[in-house]
Each structure stands twice: as structure tokens, then as C-alpha cells.
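A short write-up of the structure that comes next.
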Amino acid sequence: MGEQNSSNETSRRNFLKSGIVAGAAAVTGVNLLSSFAPVEDKGQKVKVLTPEGNIVEVDDAKMVPVKEIQQELGLTELQKRGREGIAGKHWVMVIDLAKCRNARKCMESCQNAHHLKPAQHHINVLQMQDGEHTAPYYMPKPCMHCDNTPCTKVCPVDATFKRQDGIILIDNERCIGCRFCVAACPYSARVFNWTETLDEKNAYEVPYNIELNVPQKKGTISKCLFSADRLREGLLPYCVSACPNGTYWFGDLNEDAVTNGTTGETVRFSQLIEENDAYTLLPELGTKPNVYYLPAKDRQFPFSEEDKKKLEESRHQH
Amino acid sequence: MAQTLPKEEAKARFSKIVSDLTKPLSQFGQSFQVWGFVLFTIITLFGYAYFLQLRDGLGVTGMHDYAAWGMYIANFVFFVAAALVGMLITAVLGLIGIKWITPVSRIAEMVAVAFAMMAGLVIVFDMGRPDRLLNVFLYGRLQSPIVWDLTVVMTYTVISLLLLILPMIPDIAIIKKNLPNAPKWQRITWNLLSFGWTGTPEQYKSIHRLVRVLAVLIVPVALAIHTVTSWLFASTLRHGWDSTIFGPYFVTGAFVSGVAAVIIAMYIFRVNYKLENYITDFHFDKIAKLLVLTSLVYFYFNINEFLVPAYKMKQGDDHHILSLFVGEWAGWFWFAQVFGNILPIILLLFKKMRKPTPMFYLAILTVLGAWAKRYIIVVPTQLHPHLPVQNVPEAFHVYYPTGPEIAITIGTIGMAITIITILAKLFPVVSIWETAKEDGVDMDTINE
Amino acid sequence: MKNFKRYISLSIALSVVFSTLVAQDWEVPLTEKSVVSPIAFGPSTQQHGKDLFNTNCKSCHGTPGTESFLPLNPPPGDPASEKFSKQTDGELFYKITNGKGGMPQFKNMLSEQDRWDVISYIRTFHKDYKPANIEVASEAVQSFSGTDLSITLQTNADSAEVIAQVKGMKDGQLINASGVRVSFLVKRNFGFLPIGDPATTNEQGLAQMKYPTDLPGDSIGQYQIRVKLVDDDVYGQVTVDQTVQWGQAFIYDNPLNYRALWGNRANVPLWLLFSYFGIVGGVWITILWVVLQMLKLKKLK
């Protein structure tokens, strides 16, 4: 429970209230603006929350709401396309723990993009300490998009599934809300819409985009999607491009390259993994994750004293 | 079996049995009306609570992302467990030729049918999108244990229903004849379910054969239903669920709770239906010993399930085990272990305890313990995931069921009891023809 | 819930305190202020410093002189601004080394020499900067001073080598551009992968790079290479793309073509399919048979 997190909740909510939800989904910031069709300048300014968590003023005319983009494709085409995935790709993420300073820009941009509530995290920056005398560190935790997926194994209706590019998606038009996948996921990567979602509250009605999992639906699951909608446009995921500290690398295993979301630097995946002694989370479970971690060695930001104290307290509670 | 009685005596005996066992079917007295009102109230409350849940989502329950399964699933596991007793008594004991089960087996089947039916329904009440139930049939994935579970629950319900009805056909023909003034709904059911019974030796031969086939068939199906239910947990990678003995551990636990549930039902029917001459102290003594046996086996599995991980204290398991043994779940855990398992073993060793009334109260405690056991199998594990629970409200560290959730749970139990009540008003709870036969009444008299 | 609310208000209060703390002036110990670079600043340190700046600092501080830093609190600032130029070398070094708040600490990321190189690059934007210690070599950066640069590529398939010929206009003549830094890249999904360090063109305006052959390409081992002038702030964006067949052929094996427990419903493993329908079929056929027999009871006279 970070201070930044809670103070941003207010701004996000106000922002949603101001009735430009449609814009938020599509635009979510300057990075995406380039992908919009150029529209005539009407001169009116609108406030938009960027994936970096900043409010920027954007020309009203330049905002093409999600509605229009998505309406080009109907529900069935969106589902079909989303279920197939992108041929030839095998997406991987590398998270450099030495670079994370718990800025939580990733969490913010993700929650904005997917219209999540404050307690719902597709990506969650955890404060970890493996043993009593080991060093604490910050660990962003998205879905691992495992190759031996505990969650898709148990789904009774194919509502969560693995696509050919390795991404595990949710079809909330199919999901029956049994929550077996939540129970099965050892990484606690899944959230459930227990009550009315923000989209339902705001009567946000567009064809359901399976690659964005928006609009969210009550009684169904939501989870990290590796920003499948962004990948389709050739862009890096929301969290990856929102990070101010160069924590995230993302790319295609099949071409052995990952790109840093902050610096834009591209390196060979195999080399990055080898030189930094990368590891995967809970490898003993055999889930074969597609998210790799670089150890928090030679870190750029020390673990804050405040968080250290909190960790200490929580350990004593148990 | 007693010697065959002379004709006149047999007739008198038979008519006594018939009147004793069918009398409750036509009695809808004041106490029954009160009982009916209680059940009606419980189900009405359930209706309102479920309406709230449908309207506002599963958020009206105490569940959250770190306790995604709560009381409903615990209750579901309990229902499946209680349903298993039908197979144990009718099939296993019946097939090996145990005689004392004659007045017990129909009660056991009624309990089994009621709980099996409700087990199927309880899953629906737990669904976030019950309107999409059909998706399971349209898009069912055979890889999912839920699909297996639904399959076996449905199969088991049907077999149990058949095992209830088949041996009852001669009785239905008898009561049809003896209660011509019964209300219409009863007579229609009896007409439908007597299958044109006339009591020929061929017909008896046929139902004997069919019962035997079903008794053999239900054993693997019953094992499957509870084993698969245990796999809903054991197939995940969580601390406390990731266990290889979950199948037999659940099955043996099911026998304990099932036998206890049957003891409660036996006692209630004995007292309310005045069946002291049919469900006797002898039968209670026998089923008490059965409860000791099943509890002993279950105890053995408990030792395996808890002692082995507690010996190792593997990371992750340690939190879980300690929270059960001495931590925040200790109250639940020891209540479940003591009342649901240990106490029946110790107390029922004494002959004085193997009497209907003490057994009734003990069985209630055992059932409560068994229910608590399901609760601590389902809930604590989820609250102790592999990775820390952070950046969520404090409430996500604990799980407390809410009012609507409890109302729905009690409602489902009320529904199961309602089903048993209806079944016991439709059919004699003790087999007329089998009892008569064992008392030495000849087949001709029975078929007259 | 009540606790949660209280927690939120507490953390908002904390975050206000926190941000004011951060916004305070960043004091550097006096002894650190006077530290100076052990090595004189010059073109090579500036060149290296620039590369380091672009990968490590640019994401927050932006391009120096353009005020393009991120709008954070406190603002990171433009390294070309007075805020930076009035600081001593020692101050800058201390801050880069130790970091504070949003500013990372680079003591583990960059060597001491690297950190000084970055400072030497920043100093190129500070007109009034006087080196504190030793006299700096006054020679200008040895680079091509012409305009309208262009690159032509020559590839050698056998050795997987690229030779870039850089030419530019100088004094109205198209001549070989020497001393120009050229980077060699391979196109990947989200960016370009640099191959080796940038090379500097020789007298003939040639720069050369050997490409790896173990890099995955398309289905026949092709990948797209790009050769680019590093100093695009001087020469503008000059790039040449070409497709070569030096990589590993990548044969796409769609994982969804296999049956698996985690797979979709169509990909159910055969053993499971047969077991399920075998068992369920067997049981239900028996059940149906029993029901049929029950219906036949009537006829058994």
C-alpha cells in the first residue's frame, strides 16, 4: 500500500468522472497519439492522463475515441483476432530489479488502460524479502504468461487461453466466473470483478476488445494481457513504456531481442539473460514463465527505510 | 432372517408394518407445519440474499481476490461429502451382504440424493455469471477438473436417484394400494414410480439384478465424485492443497460426515415417525461402530496430511501449517479435528454412548466439525499465497463471510433438508417389503 | 475498510511530507564539491559521455539544450541550463554517483571514468565552463565538417560483413567523409539492435562491421540491417536499410498445433479424450440400460 498509489487513485477517479473515459482508453497518453489518424485541429483542449501518470493537455480533435477504433471491427472479429494472436512471435519480458525504485508508474498506466479499480492490479510492485537476513527489494509482478499454464489448464470453458504468441488472455464474454483460475495461479496474477466495474458504472459501451479486456464486466476475470492491443500496433506494453527507470525490457524471444521501454535501447535477449544471471519466479513449480528477472544487484535505488520498517512489522505479525 | 410366519400371523404383521411405516406419509400435523414454515423462511431469506448477489455481484460476499473461493465452495465440498454415504451403505455394505442396513439404506439414499442434487446447484450459486452456465456444455474443456466434477456430480445424482427408486418400487405399489385417499401430488408420483408393479417373481428378480448392477456402478462413480472434488484443490500449486493424498483424504472424510448425517436423519425419523421398532438401538449400535471405523481411517489420513508437511516445514507450508496449529485458524482447526474426528472415535468406544440420543448430539457435533474442516481446507490456503499480499485493502488479508453469504449457505442446507423432507413425505423412510420379508412375512402376503 | 481509509489519509499526508523533503535543495558535502576529474576532458571522453548520457540519462533529462526533461517533481532539469552549469564538477559527480529520490544512483551502474565522461559531455553545453584542474586539450572534435552526408553499403555475404562508404559535400565537392561515427544495427520488433560499438570512418570514408550469423532472421534467415550516422544532431538523420541473409532461419512452430493439458478445448490430449468419453459413455450406457429395464418391469408377468 504505497502512498503514491493512494493519492493517484483520487486523480484517476476524478479523471474518469470528467467523462472522457473513451479517450482515456484509446489515448492513454502521448505515446499513442502518433498512431491516430490525423484529424483537423479544432482548438479545444482536453486533459488526458498519460501512461506516465501525468495529466497533459491534448487537442480535442486529435483524440479518436476507442469507440471509433473498435467499431471498425465487431465483437466476433475482435475475439477471433484476439484468440489467434500474432503468428511467429513469442513475447518475453525482462524485469531488471536493480532499476526499480517502486515508482509505480507501471501500475498506474496499466490500471488506466484497463479501467481497473484501485485494488485491482494486473501488475503489482511487491516489496520482497526472501529470508530474514536477505536484502529487501522491489519486484514488479505481472502475469508470467507461463508456458505450462496452471490457469488455462483448469478453465472449464476456454475463457482463458494461451494464444500462439504466448499471451494468456481472458474472454470475458465467455467467462462463467468460477474463479478456478484465480485459485490455480501461484503468482496471484488474476483479479475478479466482484462488483460493478468502472466501465459499467460509466456506461462505457463499445464492442468488447479481448486484447484490452475493456469494457470490464462484473462477474468475470481480468488479468495482465502483456498489452496485446499495443503489441498489435507494434508498440511496447503500457507498463513497459510507462516506467521512468528503465526497469522493463520487452521483446520477441523468436528474434532474440528485447527493447527497453524507457531508453529504447535494444539488446540481445540471450545476452542480457546470460550476463545478468536472470531467473524466473518460483521455477520449482514448473510453470515455465515468460517473464524473467534480473537480480537486484548493483541497484540504482536503495530500498527505502520506510518500506524496510513496514516489511519488518509485517514479518512480526505472521 | 426370521422363520416364515403362518399365514394369518403374517397378514397381521404385514398390515402392522404397512400402517406403521405409511402413517407418517399422511400426517401433516402442526409440528410438520412449523417445520415447513421454518424451511420456507430459510429458503425465502436465501431467495432475497441470492437476488442481492445477482444484482450486485459476488462482491456482496466476503470473498476477494485473495480468498476467491469461500464459504460456498466449502459448503459444496461438504455436500459432496455427505452425498457419498449413499454409496458406502447401499453399495459397499449391501454388496458384501451386511443385514442391518435394511432400515438405514433408504435414509442414506435420501440423504445422498438430496446432497448430490444440491451440490450441483451450490456450484451455480458460486458462479459470477450463472447466466452463462450453458457455456460449460457449449464450450466445455475436457482438461478442466470442473468439467469432470460436473460430469460425475450429475452421474452420481442420477445413479443415487435410481438406487433410491428401484428398491422402492414394491413399496410404492403397496402404499398406492393402502393410501387411496392421499393428496393428489402423492398419488401422481406413486403412479408414475410404481412402473406397473404387480409383484411377480420375474419383477423381483429383475430389480435385484438392476440394484446389483447399480451398486457395483456407483462405487467407482462415488469415489470419482469426491476424488475429482479434491482435485479442484490438489491440481493447483498452492500450499496446503498441493497434496497427493487429497483424493483418499477427502473420500474417507466424506464417509465420516456422511455417516454422521445419516445418524442425525435416523434419529429424527425414529422420533418423529415413531419408528422405534424399526430403527432400533441395535441399528444405532451398528452404525456407531461404522462411524468409529470411518473416523479411524480418516484420522490416519489426517496424520499423513498434516504431520508430514509439519515435520518438514517447507517454506510456504510453514505459514500455513502454523496458522492452522497455533495461529489464527487454530480454533477452527482443533474444533474440526476434535469434534469431526477424534471425539467420535473415543466416545463411541463406550457402549453407553452407542445409544440413539447421545449419538444424535454427537453426530451433530461431528457434522459441524466436518463442515468446519471443509472451511479450513478451502479458505486459509488462499490467504497464504506464494507471493506477499500487498497494495490491496487490509480486508484482503482475511476472509469473513457476510450476511447474504451466510444466508445463501444456510439456504442451500435448508434446500437439501427440504428435499429430504419431501422425499420422506412421499415414500416410507424404511423399506416396507424388505422389513416384512426379514420379519418372516411371505412374498404372497406382501404382494397381495 | 475503516482502517483502509485511515491508511489512505495517512499515506497522503506522508507523501506530502515526502515530496517536500525531496524538493529541498540537494546539499553536497564541501569535501566532495571540490573533487575534480583525474583525466582531462576531451573529444573522446565527450563522445563516450554522450553515448552514456543517451542510454542512461536522456529518458528523464531529455536532450540537453531543448528543455525536454520529464515533468517530474522535483524537475530533473536540463543539463544545459544554469542550474547545472553553476555547479562544480565535484557536485555533479557526487549527485550522479549517489542519486537521491527520483535520481538513480549510478555508482554501481557506471564506472568512475564513465561518470566523468558524462560530465565532460554535459560541460560541452556550458559556454563559460573553465576546467578546474588541468588544461584541457583544446583540439576540436576531429570530425567531418561537411554537409549532406550519405551512406552507401557494400555487403560481403561470405564473411557477413558490411562496409559503409560515407560521403559528404565539402567546399562544393562530394568527398569521402572521414572521422564520422557510424553505427550498425539490425531491425527487431521494437527497435534496432546495435551490432558492436559504432565505428569511425577512415580516410576513405569507410567503416566496417562484421555481423553475427547466430541472430535469428526470418524463415530463410533474412534480417534487415540499418547503418546510421551516430551524430544525427550534427548531420541529421542519415540511414540506409538493407536486407541480408546472414541470420539463422527461423522455422515457426505454432505451439497451438500440439495437444496439451493447457491447450484450448480443441487441443485436448487424446488419452484424456478417450478416457473421458470411454468412462462416461460406459457409465451412461449402463444407466440407460437400467432405466430401460425399469420401464420393462410392467411386462414381466
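Everything numeric in this text was worked out from a predicted model, so none of it was measured. Side chains are part of it too, since the values below use all heavy atoms of this structure and drop only hydrogens, waters and symmetry mates. Numbers restart at 1 for each chain; the letters A, B, ... are given by sequence-line order, proteins then strands.
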Say you draw a straight line from [atom1] of [X] to [atom2] of [Y]; how long is it, rounded to the nearest 0.5 Å?
X	Y	atom1	atom2	value
B:S194	C:K298	OG	NZ	8.5 Å
C:Y276	B:T151	OH	OG1	2.5 Å
C:I287	B:I218	CD1	CD1	9.0 Å

Has [X] got more than 12 heavy atoms of other residues, nucleotides or ligands less than 6.0 Å from its [atom1]?
X	atom1	result
C:N254	CG	yes
B:Y400	OH	no
C:K83	NZ	yes
C:E82	CD	no

[X] portion near chain B, given a 4.5 angstrom heavy-atom threshold:
X	answer
C:A266	neither
C:W262	backbone
C:V280	side chain
C:I279	neither

For [X], is it the side chain, the backbone, both or neither that has a heavy atom under 4.5 Å from a heavy atom of chain C?
X	answer
B:V152	neither
B:T155	both
B:L142	both

What are the two closest non-hydrogen atoms of [X] and [Y], and how far apart are they?
X	Y	value
B:F195	C:L297	O-CB, 4.0 Å
B:Q143	C:A260	NE2-O, 3.2 Å
C:M294	B:L162	SD-CD2, 3.7 Å
C:Q293	B:R209	OE1-NH2, 3.8 Å

Query raised in the report: Any idea which of C:L273, C:V291, C:L272 has the most non-hydrogen atom pairs under 4.5 angstrom with chain B?
Result: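 Most pairs with chain B among the choices: C:L272.
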Requested in this report: Go through the steps for B:L217 and C:V290 under the test side chain to side chain contact (heavy atoms under 4.5 Å, CB included), then give the verdict.
Outcome: CA-CA 11 Å; B:L217 189 65; C:V290 170; over 6 Å; no
**Report entry** Residue, of B:I169, B:V221, B:T198, B:L166, that accumulates the most heavy atom pairs under 4.5 Å with chain C
**Finding:**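 Of B:I169, B:V221, B:T198, B:L166, B:L166 has the most heavy-atom pairs under 4.5 Å with chain C.
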